[in-house]
Amino acid sequence: QKEVEQNSGPLSVPEGAIASLNCTYSDRGSQSFFWYRQYSGKSPELIMSIYSNGDKEDGRFTAQLNKASQYVSLLIRDSQPSDSATYLCAVNRGGNQFYFGTGTSLTVIP
Amino acid sequence: GAVVSQHPSRVICKSGTSVKIECRSLDFQATTMFWYRQFPKQSLMLMATSNEGSKATYEQGVEKDKFLINHASLTLSTLTVTSAHPEDSSFYICSARVPNGLGGGYTFGSGTRLTVV
């Protein structure tokens, strides 16, 4: 079983819609959770971090964490074409152990 | 914010030669840096953890004699790909933990696209 699993997509949504990205993780001891955006040929950039159960909102982005279900998601409201990228879920189990999912490719259609 | 500068951004080398990639933390000290490799359409795979002043810790399956890591100062870590072969062609990315006072989390270098011909 992989440490972090994501649906590779591609996920296509029309401009202005809500994009929903999902991620599950295997280690119940995981402590912190991150969403990164990666454009083709570029390195990842941090969008959101979340550490406790519930929702965390930042602008058009909302991260949701459910530790009981070992599930973390990212919602992007009012999706824009510039949001088209691969979204990586990352999980930190404490210390320097940091695991990435394979990423979900998102395309926002104008 | 915390920035990690990575150079070169692109390098093409001949098979059998060595290539050095540098990562510098510009406005913070990074006692630990991480080196990742990413093949096309795949996720980042951790290769090794670089520790200032001590030996690097390599992930299973990563040849430490082929991928030499040096972390001689609190702001600089280098990865040297020795005797490079075409199968080493990949996107190499470094990362460092950001102090909480600068936002926390992890920040990435801009990556190095290595092509071995």
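Given the structure is predicted, the values throughout are model-derived calculations rather than measurements. Only this structure's heavy atoms are used, side chains among them; waters, hydrogens and symmetry mates stay out.
- Side-chain atoms of B:Thr80 never come within 3.5 Å of backbone atoms of B:Thr82 as a donor-acceptor pair (strictly under, hydrogens ignored).
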Just list the side-chain donor-acceptor pairs under 3.5 Å for residues 102-110 of chain A, sequence neighbours left out, or say none.
residue	atom	partner	partner atom	Å
A:Thr104	OG1	A:Asn7	O	2.4

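- The choice from A:Ser8, A:Ala90, A:Ser49, A:Gly41 that makes the most heavy-atom pairs within less than 4.5 Å of chain B is A:Gly41.
- Of the two parts of B:Ile93, only the side chain, counted from C-beta on, holds a non-hydrogen atom closer than 4.5 Å to a non-hydrogen atom of chain A.
- Within the structure, salt bridge (charged side-chain N to carboxylate O under 4.0 Å, His left out) pairs that include any residue of residues 6-25 of chain B comprise B:Glu22-B:Arg24 (at least two apart or interchain).
- Within the 3.5 Å criterion, the main-chain N or O of A:Tyr87 finds no donor-acceptor partner in the side chain of A:Gln38.
- Using a 4.5 Å cut-off between heavy atoms, A:Phe100 contacts chain B through both its backbone and its side chain.
- Residue pairs meeting the salt bridge (charged side-chain N to carboxylate O under 4.0 Å, His left out) criterion with at least one partner in residues 79-96 of chain B, sequence neighbours excluded, are B:Lys66-B:Asp88.
- In this structure, the side chains of B:Phe108 and A:Leu46 stay at 4.5 Å or more apart for every pair of heavy atoms.
- Salt bridge annotation for B:Lys64-B:Glu59: absent, with no cationic side-chain nitrogen under 4.0 angstrom from a carboxylate oxygen.
- Scanning residues 110-117 of chain B against chain A with a 4.5 Å heavy-atom cutoff picks out B:Ser110, B:Gly111, B:Arg113, ordered by number.
- Here the two rings, on A:Phe33 and A:Tyr25, have centers that are under 6.0 Å apart.
- Neither the backbone nor the side chain of B:Gln6 comes within less than 4.5 Å of any heavy atom of chain A.
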